[in-house]
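Structure record follows, encoded as structure tokens.
First the proteins, then the strands, lettered A, B, ... as listed; each starts at 1.
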Number of protein chains: 2
Amino acid sequence: MQPEKEVTIYDIAKALNISPATVSRGLKDHSAISKNTRKRIFEAAQAMGYRFNSFASNLRRQKTNTIGVIVPRLNSAFMSDAIAGMEKVLNEAGYNLIISQSLEDTGKEEKNAVTMFNSRVDGLIVSLSYNTRAIPHFEQFIRRGIPLIFFDRIYEDSECPSIVINNYEAAYGITTHLIGEGCKRIVHITGNESGNVYRQRFEGYRDALKDGGIEWDKQCLIVNTLTSGDGEHAAEAILKMKRRPDGIFVANDNCAVSCMLSLKRQGIKVPDDIAIAGFNNDPISRVAEPNLTTIDYKGYEMGEVAAKTLIDRLNGTSGVPITNSLILKHEIIVRDSSLKNSRTKHR
Amino acid sequence: MQPEKEVTIYDIAKALNISPATVSRGLKDHSAISKNTRKRIFEAAQAMGYRFNSFASNLRRQKTNTIGVIVPRLNSAFMSDAIAGMEKVLNEAGYNLIISQSLEDTGKEEKNAVTMFNSRVDGLIVSLSYNTRAIPHFEQFIRRGIPLIFFDRIYEDSECPSIVINNYEAAYGITTHLIGEGCKRIVHITGNESGNVYRQRFEGYRDALKDGGIEWDKQCLIVNTLTSGDGEHAAEAILKMKRRPDGIFVANDNCAVSCMLSLKRQGIKVPDDIAIAGFNNDPISRVAEPNLTTIDYKGYEMGEVAAKTLIDRLNGTSGVPITNSLILKHEIIVRDSSLKNSRTKHR
DNA sequence: CTGTTAGCGCATTCAG
DNA sequence: CTGAATGCGCTAACAG
């Protein structure tokens, strides 16, 4: 089968005996084209199988109507929600999305950034990879005036708008909850402390201990990459501790669940021997037994807000200062994995 | 801060006193440019902050180096694996990806197809949405000679290459396993039977029953959309059945797990009262208690293969027939949720 | 090995 | 309300 030839506005113009300029305007509903001509143009375009050439348009207009998104991974409940939220808002505003994942690798993140740059995205929404500590690869965007928005895993030293939750407060709250349930010795399993997310969760945990009258013990901090494998290793480490903890606060649900299951396999009772709390309200937290106490925050909303903030910047009357950072709400979801007291009370 | 002006190959040419054509060639490592000139060009480009304009290039070459991907959803373990596999292969081959999700809505799938078409993707990889039964929205690609590859949820009546597993065989195998564990009455929970995936799983189940000497009973088929909500409803329905089943084969893990948890909440023992098996080997299947027996198939590999098949088509010496469809391997993963016999034996 | 030339399809200024 | 003319930046003949 022969590939059909592309139809251009010139072809339409010729067919209708008008000029290409008129066709171009008619196609984009320019007000200065008569209703009738416009109608004829649309009909001809339809009939001839015309398709808009966005490359020519982009080249001409020096704009792409494309937004780049770089995230650590797509395959988490939080992230795919966030992306769904962005897609909705940006599509409605007439933008397309190019999505790529850094797979928690700063090198790949840099390459992704180059691709986005060369694709001349009109704006960029980023959640940083695990180890990224500096953002020279994003500075070219800032220099060229291309709006850059961070969400969740943000770069704190930049002027860019950032959409986050209050990780400190969430961690403080959930740790306080564990203390309220009677935990005296609480281990914290978390990720690289140099990023905003895990550092703040750690700080919230630490301060909650202090304010709860529990002395902070270095032994109680386990830092890894929060994979499920890490959860199992952490469980081993915990079982080997001289002073065994009676509570664990893990900075993500995946790791929390695998840690919990490992502990259970070794005969530990959860929450009686050790109470456990996670972070993210991943669906997995509702499947694990006992169900996992965790922090809920809305990925979809975060995506929407990030996208809206970006659109503000794109349309923004420059000079007018726009809200720089937004802190969205979170919620502590208390489930069985941490309910020491309530168990005693109820049974 | 002033946005910097764009540097073009003309600027580089002027700076080096050579022609733009030479710069263009040098930049893409054309063999007919001396090593020395090439080096000077790269250095100048670097120094001047040049960035390649893919729109101009695309416009000129009538190619985009972009591949479109349309899938039902991104947020399943299988799908994000598949996409990771594609991304790897296609990136290495110099292609970019535009990804979009139909959210199981044929209407959105159609819109996505239009976007891809207007973005002039060089090729398209598709897994169909739940209800899609006809593909007029993809015919324009075929007409224009743009390679189209289906994977997993394929369109069976098309000439397009398809990458799948043998759903029939997998379902047959896992049902036979349930029968081997002593199940006499096995319910099948599945999705819309008009798509290849769920129809074949149903047929495999039905034939396994027949070959296992179990009479096929219409009552035992529950069709829904396989969400976790559907799993709960299915559990209710099962509990209301006059003849209660002793086995359930669910066409996806998510639904299987929520069904299993609902049954457990109602006091059913799994696997003793009812054995359960799922499909997909989703991480959730290893978290649920008991661990879920399921079918493993490799999303990553499927993505890689789909991408490679596409690349073959793109480079393909036309006329040479290329393998049209590929059937990848699957594996039955037996876990506790279906081990009636073994339990008896071991304890 | 390098240069000249032309045009990909569209949007926009300016002139009617 | 419409048309003529120009160029966005790059690539690929073709010609040295």
Side-chain angles (χ1 to χ4, degrees), chain A residues 3-42 44-45 48-66 94 96 117-122 144, chain B residues 3-42 44-45 48-66 94 96 117-122 144:
Chain A
E4 296 173 12
K5 227 194 122 267
E6 290 290 348
V7 175
T8 73
I9 52 171
Y10 287 91
D11 300 320
I12 299 178
K14 215 169 292 171
L16 296 181
N17 250 311
I18 56 181
S19 85
T22 304
V23 177
S24 172
R25 288 190 269 245
L27 248 16
K28 46 185 298 223
D29 270 336
H30 196 288
S31 57
I33 302 289
S34 76
K35 267 235 151 67
N36 182 37
T37 320
R38 240 186 289 176
K39 190 163 157 255
R40 290 174 57 220
I41 292 172
F42 274 116
M48 301 171 69
Y50 169 78
R51 62 170 170 166
F52 181 72
N53 188 324
S54 51
F55 298 104
S57 173
N58 288 341
L59 178 59
R60 178 60 228 248
R61 291 180 309 123
Q62 305 283 58
K63 287 199 127 223
T64 64
N65 271 340
T66 298
N96 292 321
F117 193 60
N118 286 338
S119 304
R120 282 168 161 70
V121 293
D122 290 339
R144 277 223 163 71
Chain B
E4 295 173 13
K5 225 193 123 269
E6 291 289 348
V7 176
T8 74
I9 54 172
Y10 287 90
D11 300 319
I12 298 178
K14 216 170 290 172
L16 296 180
N17 247 311
I18 56 182
S19 85
T22 305
V23 176
S24 172
R25 292 187 190 115
L27 248 17
K28 46 186 294 224
D29 271 337
H30 196 288
S31 57
I33 302 288
S34 77
K35 268 235 151 69
N36 183 38
T37 322
R38 239 184 291 176
K39 191 162 155 259
R40 290 175 56 218
I41 292 172
F42 274 115
M48 300 170 69
Y50 168 78
R51 65 169 168 166
F52 181 74
N53 188 324
S54 49
F55 299 105
S57 172
N58 288 342
L59 178 58
R60 179 59 228 244
R61 291 181 311 122
Q62 304 284 56
K63 287 200 127 222
T64 63
N65 272 340
T66 298
N96 292 322
F117 192 61
N118 286 338
S119 304
R120 283 169 162 69
V121 293
D122 291 339
R144 276 222 163 72

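- Under the salt bridge (charged side-chain N to carboxylate O under 4.0 Å, His left out) criterion, no residue pair touches residues 10-26 of chain B, with sequence neighbours excluded.
- Distances shown here put every side-chain N or O of A:Y10 at or beyond 4.0 Å from the OP1 or OP2 atom of D:dG3.
- OP1 or OP2 of C:dG9 has at least one side-chain nitrogen or oxygen of B:Q62 nearer than 4.0 Å.
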Note, DNA chain D 5' to 3' with Watson-Crick or G-U pairs under 3.5 Å encoded as ( ), [ ], | and . gives ||||||||||||||||
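- If you take NE2 of A:H30 and P of C:dC10, they are 17 Å apart, rounded to a whole angstrom.
- A cation-pi geometry, defined here as NZ or CZ lying under 6.0 Å from the six-membered ring centre and within 45° of its normal, holds between A:R51 and B:F117.
- Evaluation of the salt bridge (charged side-chain N to carboxylate O under 4.0 Å, His left out) test over residues 30-40 of chain B, restricted to residues two or more places apart or in two chains, returns B:D29-B:R38, B:K39-B:E43.
- With rounding to the nearest 0.5 angstrom, the CZ atom of B:F55 is 10.0 Å from the CD atom of A:Q62.
- In this structure, B:F55 reaches neither bases nor backbone, as no heavy-atom distance under 4.0 Å exists between it and the strands shown.
- Atom CD1 in A:I12 sits 5.5 Å away from atom CG in A:L27 (nearest 0.5 Å).
- In this structure, CD of B:E6 is placed 10 Å from C1' of D:dG9, rounded to the nearest angstrom.
- If you take CD1 on B:I18 and CD1 on B:I9, they are separated by 10.0 Å, rounding to the nearest 0.5 Å.
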Tabulate atom names and distances for all N/O pairs under 3.5 angstrom spanning the protein and nucleotides 12-16 of chain C.
unit_1 : atom_1 : unit_2 : atom_2 : d
C:dT12 : OP2    : A:K28  : NZ     : 3.4
C:dT12 : O4'    : A:R60  : NH2    : 3.2
C:dT13 : O4     : A:R25  : NH1    : 3.4

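- Taking a 4.0 Å limit (strictly below) on heavy-atom distances, residues 32-41 of chain A reaches DNA chain D at A:A32, A:I33, A:S34, A:T37.
- Contact of the B:N53 side chain with the B:T8 side chain is not registered, since no non-hydrogen atoms from C-beta on lie closer than 4.5 Å.
- Residue A:S19 has a polar side-chain atom (N or O) positioned under 4.0 Å from OP1 or OP2 of D:dG3.
- With sequence neighbours excluded, the residues that form a side-chain hydrogen bond (donor to acceptor under 3.5 Å, both in side chains) with A:T37 are A:S34.
- The backbone N or O of B:V121 sits nowhere less than 3.5 Å from a side-chain atom of B:S119 that would complete a donor-acceptor pair.
- B:T64 and B:D122 share a donor-acceptor pair across their side chains, judged by distance under 3.5 Å alone.
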